[in-house]
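Please read the structure below before turning to the comments.
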There are 2 protein chains.
Amino acid sequence: MTKDVRENRLKARIRDIADFYHKKGRMPSFSEIGDMVGIKSKNAVYKLVNKLEKLKVLERDDKGRLIPVSIASSVKMLGTVEAGFPSPAEEELSDSLSLDTLLVKNPQATFLLKVSGYSMSEAGILPGDMVIVDKGQVPKSGDIVIAEVDGEWTMKYLDKSGDGVTLLPANYKFKPIKPQKELKIAGVVTAVIRKYR
Amino acid sequence: MTKDVRENRLKARIRDIADFYHKKGRMPSFSEIGDMVGIKSKNAVYKLVNKLEKLKVLERDDKGRLIPVSIASSVKMLGTVEAGFPSPAEEELSDSLSLDTLLVKNPQATFLLKVSGYSMSEAGILPGDMVIVDKGQVPKSGDIVIAEVDGEWTMKYLDKSGDGVTLLPANYKFKPIKPQKELKIAGVVTAVIRKYR
DNA sequence: TTATATGGTGAACGATAGTTCACTGTCAAG
DNA sequence: CTTGACAGTGAACTATCGTTCACCATATAA
């Protein structure tokens, strides 16, 4: 009864703080939290923050400043499509994460390129897709790489299994590439993104 | 000569601040910036921040607190694969963005589901891929949706063109689904993500 | 040469930060 | 009915915040 009311109020407050963070790009201060959720005393906010810290919604700095934890993540990870969506209560339990931290290891060396050809279509990489490319990663055999071969840029599978290096397309209509003069591997494709609408 | 030195020092400082932000989850204070980059006077930091604000690296709050702009984004958007990578100087000019803001409109209603079947493989959605699902979006004809049809969860194209509603697979080996009793559309697939390694 | 922008030091300012204390109701469990 | 946890008020505390002041050194431009 009143327990539900308390929980709902707590969730609403977490949502308020998360909204603030996503809109303003920083965590609110204690007094700002108080203004948001309708608490007049900073001490009450202090206790609220203690609770949220235990819930791993946020963390405290060594200097006491707030840093987001579950708040910073924009999506919640569920199971497979076949499993469908769980009940709202169970949704809460699923661990949430940020796409940036999931997909980008070192931001300084990571780029987004647009795909235009069909040469990798059998690997599920279609024209209009975007690939995340890490320039700092060491390319291994089997990786999809962005390479400059004899003056032209392509995206292909890197194959070091035979003698020399071969670039393999993922489309039977395209031919493997044996670099004649030079092969410069600029980066490794670490992820593919397709955005609808 | 000395101009290059100045620019490089500025870039190194921007990198320091970005590293701080990505590691600690919040922007540093003025004195923290001073400690990081080796400036003893907060006034010098103040002038530095003014410059970074003009460069759109960061912004200032109405209360003077720092919020990240280009610092918050983890990837830099380039052109097509065929265009390849530009020179490092041109790389700087490319606009950078955050994958979270690029792919997620409302974080509260967005989920990540894992794909397991081949029923959408011709749309470039393969087993092991992840789909970003927005539960708050209104499903339109042509969208890829997550639906519960007659008690089972699937991901299919939504087709409202004919009479009634049909769920279309993207694989000729699978058959279109005409819901017998009930069709609950739980969300719209807004993006596909494939992560390597 | 003389200006003048640039980048820095150091001290001071009021405002706000997070924290702590004492105190007050409210509700559920004993 | 009492007890104790919970949630909140209000005031005080120190530390740190961003800002501004006056001043200095070094380059670049006139």
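So that the names make sense, note that chain A is the first sequence line, chain B the second, and so on, each numbered from 1.
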Figure out the [atom1]/[atom2] separation between [X] and [N], and round it to whole Å.
X	N	atom1	atom2	answer
B/Leu48	C/dT9	CG	C1'	15 Å
B/Ile33	C/dT9	CD1	P	14 Å
B/Asp62	D/dC17	CG	P	18 Å
A/Asn50	D/dA5	CG	C1'	15 Å
B/Asp35	D/dT16	CG	P	11 Å

task = Kindly say if B/Lys51 contacts the phosphate of C/dT6, meaning a side-chain N or O under 4.0 Å from OP1 or OP2.
result =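 Looking at the OP1 and OP2 atoms of C/dT6, neither is under 4.0 Å from any side-chain N or O of B/Lys51.
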
query = Below 4.0 angstrom from OP1 or OP2 of D/dA7, is there any side-chain N or O of A/Arg13?
reply =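 For D/dA7, neither OP1 nor OP2 has a side-chain N or O of A/Arg13 closer than 4.0 Å.
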
ILVMFWY clustering at 4.5 Å (side-chain atoms), partners of [X]:
X	result
A/Leu126	none
B/Met77	A/Val75, A/Met77, A/Leu97, A/Leu99, A/Leu102, A/Leu103, A/Val104, A/Leu112, A/Met130, A/Ile132, A/Ile193, B/Val75, B/Leu97, B/Leu99, B/Leu102, B/Leu103, B/Val104, B/Leu112, B/Met130, B/Ile132, B/Ile193
A/Trp153	A/Phe111, A/Leu113, A/Val115, A/Met120, A/Ile125, A/Val131, A/Val133, A/Ile144, A/Ile146, A/Met155, A/Tyr157, A/Leu168, A/Val189, A/Val192, B/Leu78, B/Val81, B/Phe85, B/Tyr196

List the atom pairs, with distances to 0.1 Å, where a side-chain N or O of residues 51-58 of chain A and a protein N or O form a donor-acceptor pair under 3.5 Å, not counting sequence neighbours.
unit_1  : atom_1 : unit_2  : atom_2 : d
A/Glu53 : OE1    : A/Arg60 : NE     : 3.2
A/Glu53 : OE1    : A/Arg60 : NH2    : 3.4
A/Glu53 : OE2    : A/Arg60 : N      : 3.3

key: ring pair (Phe, Tyr, Trp, His ring centres under 6.0 Å) contacts in which one or both residues fall within residues 9-34 of chain A, not counting sequence neighbours   =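 Passing the test, one end in residues 9-34 of chain A: no pairs.
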
request  = Using a 4.0 Å heavy-atom cut-off, write out nucleotides 10-18 of chain C from 5' to 3' as B (base contacted by protein), S (sugar-phosphate only) or - (no contact).
outcome  = B-----SBB

ask   = So what does B/Ile39 hit on the nucleic acid, given a heavy-atom distance under 4.0 Å: a base, only sugar-phosphate, or nothing?
value =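 Answer is sugar-phosphate: B/Ile39 comes under 4.0 Å of backbone atoms only.
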
query = Is there a side-chain contact between B/Pro127 and B/Ser116, using heavy atoms and a 4.5 Å cut-off?
reply =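 No, every pair of side-chain atoms sits at 4.5 Å or beyond.
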
